[in-house]
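Below: the structure, in structure tokens.
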Amino acid sequence: MMSQVSAHETHMMPFAKVINVAKRNPIWLVLVVLIALFSFQTPYFLTVFNLSNILYQAALIGFLAVGLTPVLINGNVDLSVGAMVALSACLAVSLQHIGFVPALVIAVLACTCLGLLNGIIVEYTGVNSFIVTLAAMLGVRGLAFLYAGDTSLSSPTSDLMELGMMAVGPLSATAIVFVIFVVVFQIMLSRTAHGRNTYAIGGNRAACENAGVHVRRNVIVNFAVSGTMAGIAGVSMAAQLGAATPSYGAEYELWAIIAIVLGGTSLQGGRGTMIGTFGAVLALAALRNGLNLIQVSGFYVLVILGLTLIIALVLDRQFNRE
Amino acid sequence: MKANDKSSQRAGEISLSVNGISKRFPGVLALDKVSVDVHAGEVHAICGENGAGKSTLMKVIAGNYRADEGDLVFRGVKIDLRSPLQAKELGILLIHQEISLVPELTVAENIFLGSLPYNRMGFVDWQQLYRRTEEVIAKAGFKLSAKDIAGELPVARQQMVEIARAVALQSSLVIFDEPTASLTEAEAKALFDTIRQLKENGVAILYISHKLPEILQISDRVSVLRDGRYQGTLQTDEVDENAITALMIGRHLENPNDRPASHPGDEVLSIDRITVPGFIDQAELSVHAGEILGMYGLVGAGRSELAEVIFGLRDSPDVSMRWHGKPVKISSPSDAVRLGIGLVPEDRKDHGLILDMGGATNMTLPALRAVQHFGFISRDKEVRIFEDYREKLQIAARGPFASVRTLSGGNQQKIVLGKWLSTHPDLLILDEPTRGVDVGAKAEIHRLISELAKAGMAIIVISSEMPEILLLSDRAIVIHNGRVTRELPRAQLSEQTLVEGITST
């Protein structure tokens, strides 16, 4: 028989609280272990310079992962974000002649519109988002090549490069913007009606429709936001490199999805946190960075990343099987 | 205490003896030294509220769980079951509430799944398969066709396929777990004929159901469990529903029937014309403040679909309704919620609840605006709403944010109710409000519905359970063959008038 237990959460000791957080977000534990491990291996790892470098390297995939997390919690997926990075970067560079700010705005808005289109097609045709955005992934990549040709575009002015190099102390502006997005999205997911509905739709769409939730609007907005974040990632990539090619961002969507899943978001939807995604993006970047520092060859890095991924997901399933 | 064995004169020898079975789960003693005998050729019903241990007992008998204590003696031999497969080979088959057919395969393939006949080449011997299937179908007396695709059959037929499996396996003990949950009355009747046929053939049958009238109709004996303990076995033809209920809950229920006549207020919703494509052709109905309108009809008569049109979940080419006297068009559930309509759906797990979310989060879903504070959701307000309804509805839940997945059917239903009550609707539509809910919770939900009406809410109760309609309705309509065939004020409400409604042409 189920008894009525006090509604108030039991007061936990601080230590128990830490354990609890670690249980819910095991990826942060992994991150701590990685940092400890690499710190023993090389003195160059645990330096302010290198840590801020990791954050900077994490930011591009990070923008995508932040934007994609609500889409996955909705129970959908967006595979076209990598291609949008390329399109946005090309637009941002090649439109510099019409002005710095307008070029960036157009680049980002173009991706917002593509995301919107993804969402509308998914919602109004009922075709699975995997298929819709797989097609969009090919189509948008094609658009980028059509627009830029098979060349590298470079910026006529140095404004973009200067944006890419902006920094506060050791922290690059890109990294700071990334962290701000993480915070904003976390609050959006956990504290606003839109965020709550995002989870609810992933949990049981029919029940949401029954409760009068604007399901379509929620899903479409999340796709548009995901596109916007891809646009921002494209702009910052162009700014970091001062140039753009239509092959930018290849496989980025996969890395973003990997990070999100490692961060504890369910591919079935309904579950996930921005904190988890953030931790996983950092863990992947730290792993890559650390392996580079201890001079593991690039090919091994991929193999090790692949293995880590499988192990992490298997462990997660073991722990969280109820 | 052992079952009394009067029936052994009539039924055959003991098929299965359950001797002092105990089963412990972390924190719960699910079964506490339960002993029951089941005879060949008898239908033995097992009753009990949700959580009483019925399912656990059945799973022990079917080999899904191993008992911690006690033993099973099947046809005179002590057995130690390690898997459902082993039980199946011995001749014990559990027919689950959820149908477990492979929907893409034919009826014949499903019946012989795992034991398909092969020819010398090692290929499936289709001719033999179909011949044997025809034999099984004929023996069971089912209206099935061997080559039909299982997934395309109506639910009742799919269930027949499952039962045909038992016949094909020549099982001597068949366990039915809530078999009529998704059947119409006619289909349930056909099922009972099948069960009687099995019984004639000397098969022992264990029958689990919430529906007491059904148990009285089909069973020879009834054993009752409460909190994992055996309460006794009754001879079905010597008892009535009250006697069984009393054993199940350990006390007598009050009769909520003697309530004062209601005085309905103004018309809340009036539908001048409504057509539900494929179901209902131009019906009309209205409901008043403080009134409970019962909507009776068989499963598949279009009652739920009618509710969906009212609620904006389903399109209708021809509908004209007035809300508090003013013409209104409801084209989506959000329109309905905004007007002040709530719908407690028939299937709470698929359409009512987000199982991974907590009670509080489920309750605030339709009216998140009410718990917002400068655009942000206030947890305090959510908790307050949850605590409020937890107290009013007597919900047993672990906490406001603990997943509702593990709650009993009754408590889940109360959370769905709380969800709609928190929107303070003028009209609440309840579709089969007590399906899959145990007896105690059922009485509470009925009491609650009456109180809500007394407080001035307009209520539509859709039910295929006649006693529920008789108990609750101030007025009832009967839907049959796409029309409203009867409109009955409380004074004219009786089983007879309701049945007339669904049998008239």
Side-chain angles (χ1 to χ4, degrees), chain A residues 1-12 20 24 72-75 123-124 183-219 264-273 320-322, chain B residues 28 51 227-228 308 311-313 332-338 341-345 347-357 360-362 364-369 371-372 375-379 383 386-387 390 394-403 405-408 411 416 419-420 423:
Chain A
M1 287 239 86
M2 194 162 288
S3 61
Q4 293 212 351
V5 183
S6 156
H8 303 286
E9 277 158 16
T10 44
H11 293 282
M12 283 185 294
N20 209 25
R24 246 182 266 162
L72 266 82
I73 293 174
N74 257 165
E123 275 304 305
Y124 285 90
V183 172
V184 169
F185 272 70
Q186 173 64 31
I187 292 171
M188 184 277 284
L189 280 177
S190 61
R191 284 281 172 266
T192 67
H194 178 82
R196 173 64 61 79
N197 290 338
T198 298
Y199 284 103
I201 290 165
N204 187 345
R205 185 182 168 114
C208 289
E209 279 165 356
N210 180 276
V213 173
H214 294 283
V215 173
R216 284 190 163 160
R217 194 169 74 190
N218 183 285
V219 170
T265 297
S266 159
L267 279 175
Q268 273 82 45
R271 275 185 238 183
T273 62
N320 291 326
R321 194 186 292 163
E322 278 163 16
Chain B
V28 204
D227 298 339
E308 284 173 13
F311 199 64
L313 272 167
S332 74
S334 46
D335 288 351
V337 174
R338 208 174 313 124
I341 305 178
L343 172 65
V344 175
D347 186 330
R348 64 182 154 267
K349 284 188 180 161
D350 282 351
H351 297 104
L353 287 172
I354 296 163
L355 292 173
D356 284 332
M357 285 190 162
T361 15
N362 268 294
T364 54
L365 195 62
L368 273 176
R369 205 164 294 149
V371 293
Q372 277 178 343
F376 295 105
I377 294 171
S378 152
R379 292 218 157 199
V383 171
F386 175 77
E387 291 301 333
R390 160 142 93 178
Q394 302 273 310
I395 301 171
R398 273 176 300 145
F401 299 107
S403 153
R405 185 182 290 279
T406 52
L407 297 183
S408 70
N411 282 308
V416 180
K419 163 170 118 174
W420 287 114
T423 67

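Chain identifiers are assigned alphabetically (A, B, ...) following the order of the sequence lines, protein sequences preceding nucleic acid strands; residue numbering begins at 1 within each chain.
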Item to complete: Against chain A, label K419(B) side chain, backbone, both or neither, depending on which of its atoms sit under 4.5 Å from a heavy atom there.
Response: side chain
Worksheet, complete the sentence: Turns out that what part of F376(B) lies under 4.5 Å from chain A's heavy atoms comes down to both
Worksheet entry | Flag side-chain contact, heavy atom, 4.5 Å: Q372(B) against R196(A) | no
Fill in: Atom group of T364(B) that falls short of 4.5 Å from chain A, counting heavy atoms
side chain
Discussion item. For H214(A), which atoms come within 4.5 Å of any heavy atom of chain B: side chain, backbone, both, or neither?
Written reply: side chain
Worksheet item: Using non-hydrogen atoms only, which part of L343(B) is less than 4.5 Å away from chain A: side chain, backbone, both, or neither?
Response: both
Worksheet entry | Residue among L313(B), V337(B), D347(B), L353(B) with most heavy-atom pairs under 4.5 Å to chain A | L353(B)
Worksheet entry | Side-chain heavy-atom pair I354(B), I201(A) within 4.5 angstrom cut-off | no
Discussion item. I need the residue from D335(B), T361(B), L355(B) with the largest number of non-hydrogen atom pairs under 4.5 Å to chain A.
Written reply: T361(B)
Worksheet, complete the sentence: By salt bridge (charged side-chain N to carboxylate O under 4.0 Å, His left out), D350(B) pairs with (sequence neighbours left out) none
Fill in: Whether over 12 other heavy atoms sit under 6.0 Å from R405(B) CZ
yes
Item to complete: Output the option from S332(B), G352(B), P366(B) having the highest count of non-hydrogen pairs under 4.5 Å with chain A.
Response: P366(B)
Worksheet entry | Residue pairs, two or more places apart or on separate chains, that pass side-chain hydrogen bond (donor to acceptor under 3.5 Å, both in side chains) and touch residues 202-213 of chain A | E123(A)-R205(A), R205(A)-E209(A)
Worksheet item: Which bit of L368(B) is near chain A, if near means a heavy-atom gap under 4.5 Å: side chain, backbone, both or neither?
Response: side chain
